[in-house]
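The first residue in the sequence is number 1, and the count goes up from there. Side chains included, hydrogens not; waters and symmetry mates left out as well; all remaining heavy atoms used. Ligands are counted one by one from 1 in listed order, and the atoms in each one are counted from 1 as well.
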Amino acid sequence: MSQQLMGWDDTIVALATPPGIGAIGVIRVSGKKAIEVVNALFPSKDLQQQPSHTLHVGLLKTGATVLDEVVISLFKNPRSYTGEDVIEISSHGSPFVQEKIIQAIVTRGVRLAKPGEFTQRAFLNGKLDLAQAEAVADLIASNTEASRKAALHNMRGGFSSDLSELREQLIRFSAMIELELDFSQEDVEFADRSQLNDLIGNLTIAVQKLLHSFQLGNVIRNGVQVAIIGKPNAGKSTLLNTLLNENRAIVSDIAGTTRDTVEEVLNIDGILFRLIDTAGIREHTHDVIESIGVEKSLEKMRAADIVLYLFDVNNTTVAELEAIVQQFKQEAIPYLLVGNKADVNVQASSAFTAFPDAIYISAKENHGVEALKKSLIARTISGDIHTEATIVTNARHYEALQKLATALNDVQQGLDTHVPGDLLALDIRQCLHYLGTITGQITNEDQLDFIFSKFCIGK
Ligand code: GDP
């Protein structure tokens with residue numbers, strides 16, 4: 001990909017802080033003309049003469065007009081986020097002032113940056129690989145401890161180093177095969193087949209491990225959809241309030257995701273549990289027992305990763321519960337059976353005797369709710385979210401890894417059926433291709449534009 005093609009010869013500018021009034025606002029400029037252009041607005045010092053990684057206080061002026069008193073951070077290429085000359089102007093946080101400054105810069109031949117363009121340049125200049133660049137967006141969007149940790153690990157190259165290890169092993173394999181091809185006339189096998197077998201076996205295990213981590217990665221990134229259902233008066237809204245009082249998550253909309261329903265979100269141990277149709281719970285409209293089996297309830301349950309079925313321990317027959325459990329099993333819907341109002345004479349209830357493994361709580365008295373939360377976590381994720389191992393959180397990476405697994409399987413089959421070396425070499429090249437699409441060694445412009453367009457402006 002040529003530099004010209006990407007049009008990154010020009011200089012770009014954007015507000016890097018959120019629009020609106022704030023204590024300060026940061027305007028970021030990156031490119032060949034960054035220092036020259038800002039220098040022309042900053043009469044008190046010659047920025048061109050200043051060393052990299054320095055701060056400069058002074059007035060920003062166009063002609064005789066003072067725009068603002070600012071602090072300028074200077075980063076000279078290649079030691080900057082984008083790898084180009086970068087200037088960050090910390091101005092006073094007035095949208096009007098910021099607009100004036102950006103205008104003054106744009107009039108001097110600098111272009112407004114597209115979303116994610118700074119990070120895109122960092123990628124194109126080799127500062128980050130694609131998987132790392134994508135993790136930058138994830139880090140910005142992270143809203144729990146678990147998502148922050150996974151994104152940071154990947155941004156700092158955790159995933160990338162796993163991949164480069166896989167790549168090295170594949171290249172070693174391919175070198176052995178290629179060597180053999182050079183001597184193909186002589187009908188000899190240099191590459192020890194059992195060694196190749198081991199290598200492919202190890203690679204497959206590593207890829208499967210990464211694929212497996214996506215289940216957790218997906219939970220970390222997108223949360224878990226929970227439907228709380230049960231008869232009227234079972235205590236659903238009481239439970240909802242008890243849970244929300246302690247665990248209400250602060251979530252902002254992530255770019256690219258639109259939700260058409262209002263949802264409540266719980267943060268339990270770093271995982272977001274998204275409660276489906278909480279309005280329905282509060283309105284007491286549906287969720288009657290009869291409606292289980294009715295399409296609407298089923299739809300809601302199928303949309304959920306887990307259904308929390310709440311029943312009043314003193315007002316539910318064993319037959320009712322058995323019917324419900326059977327329905328869940330038939331539909332293969334993951335569920336948690338939760339007996340509520342266990343503060344009232346729970347031992348005497350027949351449900352308690354018949355379903356000793358259900359979770360018994362008092363939503364009103366806040367008893368057993370901790371155990372319920374633990375069960376929610378245990379039922380929805382397998383594995384430890386607090387390890388340092390790489391967790392694949394990105395669907396694009398997951399897809400590429402799936403293709404890689406298939407290609408590895410082709411290689412394995414080739415080995416098993418003793419196909420000629422040149423065919424093995426072809427399959428290996430496929431494997432390397434899929435790996436390359438994750439880290440960005442193999443990309444096309446449309447794909448890059450798509451990935452970076454999901455970033456915010458100024459990043
Ligand atoms: P919903 O219709 O399922 O949303 O049920 P509500 O949350 O409105 O609760 C129905 C009634 O049960 C209310 O009077 C609650 O105060 C009461 N209730 C809820 N949870 C408990 C509990 O744990 N123990 C007792 N004793 N009463 C409860």
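Residues meeting the side chain to side chain contact (heavy atoms under 4.5 Å, CB included) test with D305, sequence neighbours left out: V224, Q225.
With ligand atoms numbered from 1 in the order given, ligand 1 contributes 1 (P), 2 (O), 3 (O), 4 (O), 5 (O), 7 (O) to contacts under 4.0 Å with heavy atoms of K236. Annotation for ligand 1: atoms under 4.0 Å from non-hydrogen atoms of N233 are 1 (P), 2 (O), 3 (O), 5 (O), 10 (C). Within the listing of ligand 1, atoms 22 (C), 23 (O), 24 (N), 25 (C), 26 (N) sit less than 4.0 angstrom from a heavy atom of D343. Atoms of ligand 1 found under 4.0 Å from any heavy atom of K231 (numbered from 1 in listed order, with element): 3 (O). Against a heavy-atom cut-off of under 4.0 Å, P232 is close to the following atoms of ligand 1: 2 (O).
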When the side chains of residues 96-106 are checked against the rest of the protein, which donor-acceptor pairs come out under 3.5 Å, sequence neighbours left out?
none

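When K459, R28, R111 are each tested for a salt bridge (charged side-chain N to carboxylate O under 4.0 Å, His left out) with E117, only one passes: R111. In summary, of the residues considered (L216, N218, L210), a side-chain contact (heavy atoms from CB on, under 4.5 Å) with F214 occurs for N218 alone.
Proximity of V344 to ligand 1, defined as any heavy-atom pair under 4.0 Å, is confined to the side chain (atoms from C-beta onward).
The closest heavy-atom contact to atom 20 (N) of ligand 1, among the options N340, L240, I361, comes from N340. When S237, S362, A363 are ranked by how near their heavy atoms come to atom 6 (P) of ligand 1, first place goes to S237.
The shortest separation from a heavy atom of G230 to ligand 1 is not under 4.0 Å, leaving the residue out of contact.
A distance-only check finds no donor-acceptor pair linking the side chain of T393 to the backbone of G217 [under 3.5 Å]. A distance-only check finds no donor-acceptor pair linking the side chain of K127 to the backbone of T119 [under 3.5 Å].
Considering backbone and side-chain N/O atoms, A234 comes within less than 3.5 Å of an N/O atom of ligand 1.
A parallel orientation is assigned to the rings of Y335 and F328, their planes being inclined by less than 30° (bins at 30° and 60°).
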